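Report on the structure given below.
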Amino acid sequence: MEERPHKPHREKKDKGKGKEKQKGFNEKAFAPKSGRRADRQGRRNVERDQTRLHVPQVNRTPDDEPPPVIVAIVGPPGVGKTTLLKSLVRRYAKQTLNDAKGPITVVSGKKRRLTFIECNNDLNSMIDIGKIADLVLLMIDGSFGFEMETFEFLNILQAHGFPKVIGVLTHLDLIKKAATLRDTKKALKKRFWTEIYQGAKLFYLSGVLNGRYPDSEILNLSRFISVMKFRPLVFRNSHTYVLADRIEDLTSRELVRTTEGKCDRTVTMYGYVRGTHLRTGAKVHIPGVGDLAVKTIEVLGDPCPLPGSDAEQEKRRKLSEKKKLVLHAPMSDVGDEDEEDGEGNEGENDDEESPKVLDPAAALAAKKEALKRKFDAQYDDPESSKMDFYEEKKDEMARQLALNRAEFDGLDAEARALVEGFRPGQYVRIELTDVPCELIENFDPAYPLVVGGLLPVEERFGFVQVRIKRHRWFTRTLKNNDPLIISVGWRRFQTVPIYSLDDHSIRMRMLKYTPEHMHCYATFYGPISLPNTGFCAFNSLDGSAPGFRISATGVVLNIDRSVKIVKKIKLTGVPYKIYKNTAFVKDMFSSALEVVKFEGANIKTVSGIRGQIKKALPKPDGAFRATFEDKVLMSGTSIGLAVFTSTDEVWPDIIFLRAWYSVQPRKFYNPVTSLLLSDKGQWTGMRLTGQVRREEGLKTPLDVNSTYKRIERPARRFNPLVVPKKLQASLPYASKTKVMLPQRNQTYLQKRAVVMEPEERKAVALLQQIRALRKDQVVRRKEKKDEKKVERQKKLAKEEAFKSEKEKEKRKEYMRVAGQKSKRAAEMEEGGGRGKRRKT
């Protein structure tokens, strides 16, 4: 048989499989499948871009020599703050600090310096650090979780301006299992993002080697810190402040000796100017000390200068390690040199080195700017150069700032300081007079010393109105006229607020307690603060106080708004002469002048009869004539007050006058002076009467008239309504009273007899039989249902017994594991564990 050729196979169609593996293939990547979805995605992208925008603010920090960035290391005790501080200082300055105290300044880049400061567990220190920190390293114990101090510090930041926050998880080496470690990281990261914002940076520190954290982990953290950008906060952009890194007492030794150290001191403080310009002659406030007067301000040489900006340095992408070996920590006995010598040589160095250092850099910058303008003019589209409103405002602010700086460039240093003040970034020496001696005697470098500048309006005192809300985590309700510690601006003080609520835009009605889960108004006496300034309030600053310590948060309202707070008042009186619709009332007022003030006011009796005050009577004093819509009752049974407990005597009806009484807050201002104490956490202000009695062991005095007594009110008996026959005769039939006598004889329907036909009797008998069958059927069905119910109850009881046995076994196993864990924890504590903590 001749062999026939086979038909060739059809070529296999390429359906696109494997194209995703080809290099550079990205066909329709992430493209929406429908027009509706594309429109929704486009709108979402636009909204996301708009949320990134913020109100443009002028950055008053100079770009050439900015002050060091304050990096605060915050966390509960025993979490590893000091270890992290030493590790970061070792990373930047290549030096090991034996005793790290106070601010520590290092060089981190060509145009950036960092000032590290450790925040202790004191609430006053948390408040001060939260007001000045540019970056917060929030340390969390990974093996323990979030603690109460962490949440308190975050709420303080929310009230005083939220800076950049980076989370640092420590003690992860105590978690041995990989699965447990992964779950712990995930849970803590989720909670951290909930408190800060989605996507907040969180670093992990595994363990400690040679007293420091691993170099690779510290390197990652330090790189992230060195390149962070900061947005100016509103309060710091309008106030000047200095974080003192050195303090000296200039008081005469002879005066100290003759007064045995109990005289006011003259003190100098050193530090970098931050915020706005520091002007001479302005008052300053040191939190924990009080308001102080500035005698002189003097610029010194920078103890931690930035590297020189020469042409060779300009070409480098990063700073060499030799340039970073600068450390300034006077309170840690590092870098405490004679600033006066540096100040004397500063002018000479500027005169000699400025032509050599700044000319090549300026020429290089001008050359780059010329090349950029030439490139933009040649290739840029004219339409694309149009800026939106946000960019226009930013460009306008930048041009105005450059113009202001150009105006002062021609002045010498002294004239410029007199006109605009000392610029941010300059290292100054501030001389203060009349400083309390306790600040020097009880000085502790572990507590921050902040010199905050005050605006002229903040030096005055008056009544401040704020909008306040009790914190949802604070367990007790705030009571009116109870002392409250308020932290607003640079100040912390104790005052007595009055709470009120806007009553339909008619009046400000006083509240006895703060409302639940809503805002109210508060008015207190204290220093004037600018509107929209945030604040937080505390009942106590004691570290041993249990629970959440932040009582309330709020914001300052308009200060020039005069508000009159009123409270409800109820005056009572009794009638001593009663006529038809008129009565003479006494015991409500004490003089005729008071009656004149309330003429025309509405009054009401206990029984509900309304009336009006007409005119005062000559005798007795305070009596008046009033008219009512009905005759006032004279029966003692209508009395419903606890004052009248006896029903044997006959008392007239009581008359009430509801009015509004103006209240004024008390002028009480008690600044918190915690830095003047040897134990900084034991400051106590004004105490409540109940607290004083409890601490002194005194009993509450008992007032006999204030005790509750049993009130017995007899039932009232009302006479029937009687209409005269003459009046009934003249009334229409519809309005006459219908009085029918009771029926005595039987009616026709009651007397008649029913005789049924044979067919009707058969039908009735059939219906009775059907009803009997139906009744029997219902009874049998109910019995069967009861039997099924009993069987089901037995089955459920059996299953419940089985489940209880299983639960008992699980509980037994859980308690066994918990006992082992507690035993291991006790063994670890006996071997040198950390201190006690408050769990959230």
Side-chain angles (χ1 to χ4, degrees), residues 70 72-77 81 101-103 117-133 136 138 147-161 163 235 241-245 247 269 271 284-292 331 435-436 438-452 471 474 483-495 526-527 529 534-553 669-687 838:
I70 298 179
I73 303 176
V74 184
K81 299 188 294 293
K101 293 181 180 179
I117 183 169
E118 180 183 346
C119 178
N120 51 34
N121 200 37
D122 181 49
L123 195 57
N124 294 293
S125 299
M126 291 185 189
I127 297 172
D128 294 338
I129 291 296
K131 294 177 183 178
I132 63 172
V136 175
L138 191 62
E147 301 184 36
M148 192 63 74
E149 291 86 354
T150 305
F151 294 110
E152 289 174 346
F153 183 75
L154 288 176
N155 282 272
I156 291 172
L157 291 184
Q158 291 174 356
H160 294 295
F235 181 78
Y241 59 98
V242 175
L243 175 60
D245 54 20
I247 183 173
M269 297 184 182
V284 297
H285 179 84
I286 301 180
V289 179
D291 295 352
L292 298 173
M331 294 186 183
V435 180
E438 291 84 2
L439 176 63
I440 302 299
E441 295 176 354
N442 302 323
F443 176 70
D444 188 355
Y447 293 83
L449 200 59
V450 182
V451 182
H471 201 282
F474 191 71
L484 202 65
I485 301 172
I486 294 178
S487 171
V488 56
W490 299 119
R491 292 184 171 100
R492 286 192 305 276
F493 55 91
Q494 189 182 41
T495 185
S529 299
F535 72 92
C536 53
F538 311 85
N539 273 25
S540 173
L541 297 175
D542 190 6
S544 61
F548 196 74
R549 290 178 286 183
I550 299 179
S551 306
T553 56
Y669 171 77
N670 184 18
V672 177
T673 56
S674 57
L675 292 182
L676 305 182
L677 304 177
S678 57
D679 189 357
K680 305 293 190 294
Q682 296 299 322
W683 184 89
T684 55
M686 182 176 66
R687 298 175 295 174
R838 294 182 295 156

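If you're wondering where the values come from, they're calculated on a predicted model, not measured in any experiment.
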>> Nearest 0.5 angstrom please: Met686 CE to Thr495 OG1, how far?
In response: 8.0 Å
>> With rounding to the nearest 0.5 angstrom, report the CG to CE distance, Leu449 to Met331.
In response: 6.0 Å
> Taking side chain as C-beta onward, heavy atoms only, is Thr673 less than 4.5 Å from Val289?
Replying inline: no
> Are Ile156 and Leu123 side-chain neighbours, meaning at least one heavy-atom pair lies under 4.5 Å?
Replying inline: yes
>> Here's a test for you: under side chain to side chain donor-acceptor pair (under 3.5 Å), which of Arg549, His160, His471 qualifies with Asn155?
In response: His471
> Between the main-chain N or O of Ala446 and the side-chain N or O of Asn120, is there a donor-acceptor pair closer than 3.5 Å?
Replying inline: yes
> CD1 of Ile70 to CD1 of Ile129: how many Å apart, nearest 0.5 Å?
Replying inline: 7.5 Å
> Can you find a pair of side-chain heavy atoms, one from Arg492 and one from Trp683, that are under 4.5 Å apart?
Replying inline: no
> So do Leu541 and Asp122 actually touch side chain to side chain, heavy atoms under 4.5 Å?
Replying inline: no
> How far apart are the closest heavy atoms of Met269 and Ala244, and which atoms are they?
Replying inline: CB-CB, 4.2 Å
>> To the nearest 0.5 Å, what is the distance between CZ on Phe538 and CZ on Phe474?
In response: 10.5 Å
>> Could you tell me if the side chain of Leu675 sits less than 4.5 Å from the side chain of Tyr447, heavy atoms only?
In response: yes
>> For the backbone of Leu676 and the side chain of Asn442, can you confirm whether one donor and one acceptor N or O come within less than 3.5 Å of each other?
In response: yes
>> Under 3.5 Å, is there a donor on one side chain and an acceptor on the other for Ser125 and Lys680?
In response: no
> Under a 4.5 Å cut-off applied to non-hydrogen side-chain atoms, are Pro671 and Arg491 in contact?
Replying inline: no
> What distance do Ile550 atom CD1 and Phe153 atom CZ have between them, rounded to the nearest 0.5 Å?
Replying inline: 10.5 Å
>> Assess the residue pair Trp490 and Ile132 against the criterion (side-chain contact (heavy atoms from CB on, under 4.5 Å)); give the C-alpha distance rounded to whole Å, side-chain angles, the decisive distance to 0.1 Å, and a yes or no.
In response: CA-CA 10 Å; Trp490 299 119; Ile132 63 172; 3.9 Å; yes
> Do Leu154 and Leu138 pass the side-chain contact (heavy atoms from CB on, under 4.5 Å) test, and can you show the C-alpha distance, the side-chain angles, and the key distance before you say yes or no?
Replying inline: CA-CA 9 Å; Leu154 288 176; Leu138 191 62; 3.9 Å; yes
> Which pair of heavy atoms, one from Asp542 and one from Gly681, lies closest together, and at what distance?
Replying inline: OD1-O, 3.8 Å
>> Check whether Lys81 reaches the backbone of Pro76 with its side chain - one donor and one acceptor, N or O, closer than 3.5 Å.
In response: yes
> Can you tell me how far CD1 of Ile117 sits from CG of Asp245, rounded to the nearest 0.5 angstrom?
Replying inline: 10.0 Å
> Does Leu484 reach the side chain of Gln494, with side-chain heavy atoms less than 4.5 Å apart?
Replying inline: no
> What's the shortest heavy-atom distance between Asp128 and Pro287, and which atoms?
Replying inline: OD1-CB, 3.3 Å
